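Quantities reported herein were computed from a predicted structural model and do not represent experimental measurements.
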Amino acid sequence: MRSAQAALLASLVLIPWPAAAQDAPDPAPGAAAPATDMLAAPPVAASAPPSLPEKLGEVPGTWDLSRDGTNRRCVMTLLLESGEAGRKVNFPAGCRRALPVIAGVAGWLFVDGAVRLVDRNVRPILDFAKRPDQRSLVAQAESGEHYSLVPLDIVAMRPAEAAGGAGTPAEPAPKPSTLQAATPVPAALQPAAVATPGPAPGVYALDRFQERDTCRITIDRAGGGVKIVPGCHDGGLEVFDPVRWRYANGRMTLTAKRGHSIDLVPSGDGRWRRDPEVGTTFVLRRVD
């Protein structure tokens, strides 16, 4: 009788285990699914944060305007201050020669979640819309030409704005500890990522469309530092101001001093092109 009771108690002790596994899926014996989620989590955390503004106050800053498929571009500054037509916009005089379409631009508006460049009578000259990648805007002129507007340094990108949502950076925090607890699962996959060749440290030239060597940067393997070589002739890169880089999942990421970033993918012969490709062609080419 005692042995039968002991056997019954032993079976009762084992019964709650599946329910506990459902309440806490991470330590469950079948932890393959959570491990997949953890492997998927790092790319999300590593990808660049959304850089397009969601409201008017996030628009002010510098933007890169370019005609798609050409080397014609202009770095303009959108101001929150009201002007004669919408809000004020500033750009160098040379922009009118590079991009004649903006010769009549007198201001800008924020309509339907995107920027609209308008003339003195507040009529649209370039009415932009968000691209699916949420990293740039695109507009078609009356002549049929397409133009890209890419944020370089705007309020929406700045860390001070991101700090407003304290819950966002807090979420990735528990991921490392979970990943450590599940080390036996993804360990076999990590060597494959290490085996993939990344960019070699050295000096890289920036090419834009047919313009070659407009600027040079150095990337350092130790610490992933980035420096712009004196004599840079690319205003867009100077405004972006990259300070560090990283390589993961076949992509090279350049991160600016203010925290926003761009991704590049290898295109052969030590070259790296911007991905996604928007606006003016952007290629980094190793020269030393």
Within 6.0 angstrom of E142 CD, more than 12 heavy atoms from elsewhere: no

Under the side-chain contact (heavy atoms from CB on, under 4.5 Å) criterion, do L99 and L65 qualify, and how do the steps go? CA-CA 9 Å; L99 298 171; L65 175 67; 3.9 Å; yes

Under the side-chain contact (heavy atoms from CB on, under 4.5 Å) criterion, do T255 and V243 qualify, and how do the steps go? CA-CA 6 Å; T255 304; V243 293; 5.5 Å; no

Pair Y204-T218, side-chain contact (heavy atoms from CB on, under 4.5 Å): steps then yes or no: CA-CA 6 Å; Y204 286 75; T218 61; over 6 Å; no

Answer yes or no: is there a donor N or O on one side and an acceptor on the other, between the side chain of W108 and the main chain of K88, under 3.5 Å? yes

For the side-chain contact (heavy atoms from CB on, under 4.5 Å) test, which of N90, V105, V89 pairs with M76? V89

Please find the pair of heavy atoms, one from P53 and one from I154, that lie closest to each other, and give the distance. CD-CD1, 3.8 Å

Would you say the side chain of W63 lies within less than 4.5 Å of the side chain of L78, judging by non-hydrogen atoms? yes

Please lay out, stage by stage, how D153 and T62 fare under the test side chain to side chain donor-acceptor pair (under 3.5 Å). CA-CA 5 Å; D153 180 17; T62 51; 4.8 Å; no

If you compare all heavy atoms of L284 against all heavy atoms of L254, which two are closest, and at what distance to 0.1 Å? CD1-CD1, 3.9 Å

Is a donor from one side chain sitting under 3.5 angstrom from an acceptor on the other, for R131 and S136? yes

Hey, is R87 close enough to E81 for a salt bridge, meaning N to O under 4.0 Å? no

Heavy atoms, side chains only, cut-off 4.5 Å: are S148 and F128 in contact? no

Closest contact, heavy atoms only, V287 versus A205: CG1-CB, 3.8 Å

N-O pairing of R208 and D234 below 4.0 Å: yes

Is there a side-chain contact between S267 and W272 in this structure, where contact means two heavy atoms from C-beta onward sitting under 4.5 Å apart? no

Heavy-atom closest contact (A200 atom, R286 atom, distance): CB-NH1, 3.5 Å

So CZ of R216 and NE2 of H233: to nearest 0.5 Å the spacing works out to 10.5 Å

Mind listing the closest non-hydrogen atom pair of P100 and R97 along with its distance? CD-O, 3.9 Å

N121, CG atom: more than 12 neighbouring heavy atoms under 6.0 Å: yes

Within a strict 4.5 Å, meaning less than it, do heavy atoms of the R285 and L206 side chains meet? no

Shortest non-hydrogen separation from V138 to H146 and the atoms involved: CG2-CD2, 4.3 Å

Please determine whether a side-chain nitrogen of the Lys or Arg among R274 and D207 lies less than 4.0 Å from a carboxylate oxygen of the Asp or Glu. no

State whether R72 and E145 are salt-bridged, where the test is any N-O pair (Lys NZ or Arg NE/NH1/NH2 against Asp/Glu carboxylate O) under 4.0 Å. no

Would the distance check show the side chain of W245 and the main-chain N or O of D220 forming a donor-acceptor pair, the cut-off being under 3.5 Å? yes

Within the structure provided, determine whether V150 and L137 are in side-chain contact (heavy-atom separation under 4.5 Å). no

